[in-house]
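The sequence lines fix the lettering, A, B, ..., with proteins before strands; numbering per chain opens at 1.
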Amino acid sequence: MSNYSFNEIEDKWQAYWAKNGTFHADNHSEKPKYYVLDMFPYPSGAGLHVGHPLGYIASDIYARYKRHKGFNVLHPQGYDSFGLPAEQYAIQTGQHPRKTTEVNIKRYREQLDKIGFSFDWSREVRTSDPQYYKWTQWIFMQLFDSWYDKTQNKARAISELVALFASEGNQKVSAACDDDVKSFDATTWKGFSSEEQQQILLKYRLTYLAETEVNWCPQLGTVLANDEIVNGVSERGGYPVVRKKMKQWSMRITAYAQRLLDGLATIDWPQPLKDSQTNWIGRSEGASVTFLVDGHDASIDVFTTRPDTIFGVSFMTLAPEHDLVAQITTDEQRDAVATYIEATSKRSERERMADVKSISGVFTGAYALHPFSGKKIPIWIGDYVLAGYGTGAVMAVPCGDQRDYDFAKHFELEIPNIFEGIDISEEAYAEKDATPLANSDFLNGLPYAEAMPKVIEALERKGAGEGKINYRLRDAVFSRQRYWGEPFPVYYKNGLPQLIDWECLPLTLPDVEKYLPTETGEPPLGRADVWAWNTETQEVVSNELVDEKTVFPLELNTMPGWAGSSCYMFRYMDPGNDEALASPVAMDYWENVDLYVGGSEHATGHLLYSRFWVKFLYDRGVLPVNEPFKKLINQGMILGESAFVHRVEGENILVSAGKVNDQKTQPIHSDVSFVNNSNELDIQAFRQWRPEYENAEFITESDGTFKVSREVEKMSKSKFNVVNPDDICEQYGADTLRMYEMFLGPLEQAKPWNTAGITGVHSFLKKLWRLYHDDSGFRVSDENPSKESYKTLHKTIKKVEEDIEAFSFNTSVSTFMIAVNELTAQKCDTREILEPLVVLISPYAPHIAEELWERLGHTGSISTVPFPEFNEGYLIESTKEYPISFNGKMRFKLELSLDLSKDAVEEAVLAHEKTQQYLEGRTPKKVIVVPGKIVNIVG
RNA sequence: GCCUUGGUGGCGGAAUUGGUAGACGCGCUGGAUUCAAAAUCCAGUUCUUUCGGGAGUGUGGGUUCGAUUCCCACCCAAGGUACCA
């Protein structure tokens, strides 16, 4: 075999790796550990396209590189296999999601295997596997059994809280809990019934039941996320959506807000991603202020970041949903308020937030009393105030906040000016600078920084408020009205949630006949006839048996998608363990993920929830680490190049792109496989694609071809622009695919896929092959390499190592190309150069590297051969010429060595003097020569 | 609006702390090889030019002997986020 037969080579080595367990990672090793992880995929029915493996290729290169560097590398893969598409498919076809999921996983695995990843498949996990979700359920139980102690700043066992209540009541306990907890002493606690005690404890648990307002779609029988709603109707199906309160499980992530923020400083993540988590958590410092309502036994709490502007308050605004609205509205205003609330309730939260321009609101007729001046302040409601943030009420300071200003202008409310020497006739003044306050009683003359502590102290003294830190982060709703998710290990006794015994895990999903909600609006699990818990036999039994003594109904909701993905990285460490999430030994050895690769779209979902759970499990002594991912890299999306055929409006006439001109046409997606690299459409194939185009008229260019227009879009089946990696592997080989994906551009940047360029990378691999082969077959010599060849090799080692460490995989592909071109030109065929070269390339193109390694006479996989050592000595002789231009006219050259030796420095100094002679009497004052840096002239 | 990232040939993209802009690849042009094609190899390829040069990294300024790189203002694009008080 003297040709590069990539298919043969790749099959051979993939089989070899599988048979020999080449990438099996051991939990015990003398070597240092390194954990490289990809965000595991959701196995969709559409299969992988060329965009999916981008991050996997990058992490695989890094994992292989780390093996060469002597690390014991953990590089596992699995499937996030619970999810909505499988359930939707099940609803349509009646096919059990488990089956669909299995078929999809099988296809994913085949596609992944073809690309030659160095995954340790013996550690595979699937979130929908009962042996896996047993641990997801177990973590839920730990959260249920925990409360957050704000004094110790960690989660503790609920039994310790019960002990505290029994000994001293709850007055001294500082816990993250519901706002409406009443205080009690030890005696009162002991006097409570067991059920009353459970009710109270539920308000302290880290996962708890709460009434949450949700977007409810009756037709779909499910709650929708804001972005699943488009123009007030569901994205899927276009059904109406209403806002509804539902009792759902929530996760008390807010207890961890500050620690989630602080932890960011300890991890190596891209700054934009850290920023978005910081903004999501949204810490703001300020004060809470209480305003009494005139003539009512009621008060309104507001949070403000600018308590110093309190004398600028001229009205208050409540969210339309605020609890007090009904109580305080006067009879004269009742109709207007009711009309307004009716109107806003029809707008989704998203609509209200998106509409910045229109100002709306209505006066309640009620007044609040200013805590210092006692002045009467009108109370308005307005939908620019959101019920879900802060207290759902604001003190409006029109002169210091633009939204308040606009509201005041619109309704012709008073705009008192409290800033010394600032003109507020056109807009509000929101700067926190040294501008002194005016018309502000005891704050007069003080700038922001001095007024803040003073006003907070005054508020506290008066009992009208206190300094406060507010977070935007809200507790995470954890219930889903769906079938294909983890069941909760929870049953209900007298309406109170109880955990099933943990020894009975996993609580497996029951079969149901249909995957839709029940007629009475219960989640799909309501259809299971076997779905109740027998507390005596500790078994799941038939619903029919519920007798309220020993048999109780189980929770019908399932967990959200992020449940299974929050701690999977620890399960890989010890996936078969039936006694624990992972053994302490395995967790102590692997610690956490050293490098995590995935998309930035998970910034405020998965990546935040995962950090939350890890910190929680750390508190409870389950995990030895308090962050899941040390370093994170976001790979950019690979975009597809869609092809469009233009159809004349209302007619079955298709016009070539060059002939469209001013005609009214509609662009139609054409499958990209009908189009060649010159944008010419295969008309026959297009006609046969869809019956409606079979008899269409085609208006071609003057040369008879039909051209499509191109546009870069997200790669998706529905846009017919998907490129399948299997086809690329078939035609060019996996090594070409791997290198080309890296060569496309910087890993973190979004970039369009264009198969046309792949031949460059492919011919590089052919050239590489030919370095080791001549017409008669494999051939390398044992002669001494030339100086140039050494230089080429060591230059390459240096660059490739630097590039991999910096995740600049695109430039190292170029470096390889240059190296191979140079070695070809040098006619280099010596073993001493070619052996290390193949090791360098092996992370990128592992199949060809293994094959060449074997042909070089080695046994065993190349994957653990040490990475070649860089020797600077081989580069010293290189020289570089630097022209110095002066006044754009004079030009001379300096020839300098890159060597830092004495000679080189002397040479540089000589050059410096030469330069000075040239520059003498002209503008520059000083010329500095820095060895290695060559020349630096300072004016 | 705000935050983040980016804007370099026909295209994807290089350029270390400010030091020969356009590496490498695609495409294109010419040549070699071939009956021919494929494959391969060699040369050229930022624009402009009166062949001396001149211009040039989104736009306009600034700092510097020297700016793709640093500073200021603006324009555009992508992603994120949002009446966050």
Side-chain angles (χ1 to χ4, degrees), chain A residues 3 270-276 278-280 282-284 286 302-306 309 317 319 350 352-359 382-386 388-397 400-404 406-407 430 470-473 600-601 603-604 634 636-637 639 677-678 712 740 743-746 748-761 763-764 766-767 770 799 802 806 808 810-818 821 824 880-888 890-891 893-894 915 918-919 922-927 930 932-939:
Chain A
N3 280 330
Q271 196 55 41
L273 205 130
K274 284 190 182 185
D275 290 347
S276 63
T278 305
N279 294 338
W280 190 263
R283 178 192 154 105
S284 48
V302 300
F303 173 77
T304 175
T305 52
R306 297 294 304 272
T309 62
T317 315
R350 170 117 345 159
R352 277 169 61 179
M353 292 188 293
D355 183 11
V356 197
K357 281 174 198 133
S358 64
I359 293 161
D383 68 0
Y384 78 99
V385 177
L386 294 181
Y389 181 75
T391 60
V394 302
M395 59 175 225
V397 183
D401 181 283
Q402 194 56 43
R403 286 180 313 266
D404 296 344
D406 294 340
F407 194 88
N470 199 49
Y471 298 93
R472 169 194 181 274
L473 187 69
S600 58
E601 66 273 20
T604 53
N634 290 128
M637 216 186 321
L639 304 164
N677 289 331
S678 315
V712 173
Y740 186 55
F743 186 63
L744 273 178
E748 298 178 79
Q749 198 175 294
K751 48 213 168 275
W753 176 271
N754 177 6
T755 308
I758 204 167
T759 53
V761 171
S763 57
F764 153 74
K766 286 195 276 189
K767 277 187 212 167
R770 278 201 305 278
K799 186 74 164 66
E802 282 169 3
S808 309
N810 55 329
T811 50
S812 45
V813 177
S814 299
T815 307
F816 287 132
M817 289 176 172
I818 295 165
N821 283 343
T824 303
K880 218 174 172 185
E881 293 179 356
Y882 285 88
I884 304 282
S885 74
F886 182 67
N887 285 349
M890 230 185 308
R891 180 169 281 206
K893 280 181 180 178
L894 295 173
T915 312
Y918 268 93
L919 299 179
R922 300 172 210 264
T923 346
K925 291 171 194 140
K926 206 164 58 166
V927 182
V930 184
K933 171 73 196 219
I934 316 303
V935 185
N936 192 16
I937 305 168
V938 180

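- Remark: P of B:A85 and CG of A:D404 are 11 Å apart, rounded to the nearest angstrom.
- Going from atom CG of A:L639 over to atom CG of A:N754 covers 12.5 Å, rounded to the nearest 0.5 Å.
- In this entry the distance linking OH of A:Y740 with P of B:G25 reads 13 Å, nearest Å.
- OP1 or OP2 of B:A82 has at least one side-chain nitrogen or oxygen of A:R472 nearer than 4.0 Å.
- In terms of heavy atoms, A:T391 sits closest to A:V302 at OG1-CA, 3.5 Å.
- Considering only side-chain atoms of A:P752, the nucleotide from B:A85, B:G12, B:C3 that sits closest is B:G12.
- Nearest nucleotide to the side chain of A:S276, out of B:A85, B:G12, B:G80: B:G80.
- With a cut-off of 3.5 Å on both pairing distances, B:U57 has no Watson-Crick or G-U wobble partner at all.
- Nucleotide B:A39 holds its P atom 14 Å from the NZ atom of A:K767, rounded to whole Å.
- The residue A:P270 sits apart from the nucleic acid: no heavy atom pair falls under 4.0 Å.
- Closest to the A:D275 side chain, of the nucleotides B:C3, B:A85, B:G13, is B:C3.
- Toward the 5′ end of RNA chain B lies the nearest nucleotide of A:I818, the other residue of the pair A:T604 and A:I818 mapping further downstream.
- OP1 and OP2 of B:A39 both lie 4.0 Å or more from every side-chain N or O belonging to A:N3.
- Going from atom CG of A:N821 over to atom C1' of B:A43 covers 14 Å, rounded to whole Å.
- Of the candidate nucleotides B:G25, B:U81, B:U4, B:G25 has the atom nearest to the side chain of A:M817.
- Residue-level contact check: A:Q749 touches the backbone only, with heavy atoms under 4.0 Å from sugar-phosphate atoms and none from bases.
- Looking at the side chain of A:Y384, the nearest of the listed nucleotides B:C83, B:U81, B:A23 is B:C83.
- Nucleotide B:C11 holds its P atom 20 Å from the CH2 atom of A:W753, rounded to whole Å.
- When the C1' atom of B:U40 is taken as reference, atom NZ of A:K766 falls 9 Å away, rounded to whole Å.
- Residue A:K751 has no polar side-chain atom (N or O) positioned under 4.0 Å from OP1 or OP2 of B:G13.
- Checked against B:A85, B:U81, B:A14, the side chain of A:T304 finds its nearest nucleotide in B:A85.
- Rounding to whole angstrom units, CG of residue A:L744 and P of B:A14 are separated by 11 Å.
- Of the possible polar contacts, one joining the A:D404 side chain to the A:V397 backbone as a donor-acceptor pair under 3.5 Å is found.
- Residue contacts shown for A:S763 are limited to sugar-phosphate atoms, with no base heavy atom under 4.0 Å away.
- In the set B:A39, B:C26, B:U4, B:C26 carries the atom at the smallest distance from any side-chain atom of A:A756.
- Within the 3.5 Å criterion, the main-chain N or O of A:N821 finds no donor-acceptor partner in the side chain of A:K767.
- B:G80 atom P lies 12 Å from atom CH2 of A:W280, rounded to whole Å.
- Nearest nucleotide to the side chain of A:T811, out of B:G27, B:G25, B:A14: B:A14.
- Set against B:A85, B:G12, B:G13, the side chain of A:F743 has B:G12 as its closest nucleotide.
- Counting distance only, with no hydrogens placed and no angle test, the side-chain atoms of A:D383 and the base atoms of B:C83 include a donor-acceptor pair under 3.5 Å.
- Taking 4.0 angstrom as the limit, A:N810 places a side-chain polar atom (N or O) nearer than this to OP1 or OP2 of B:A14.
- Taking the side chain of A:P272 as heavy atoms from C-beta on, and the options B:A85, B:U4, B:G13, the nearest nucleotide is B:U4.
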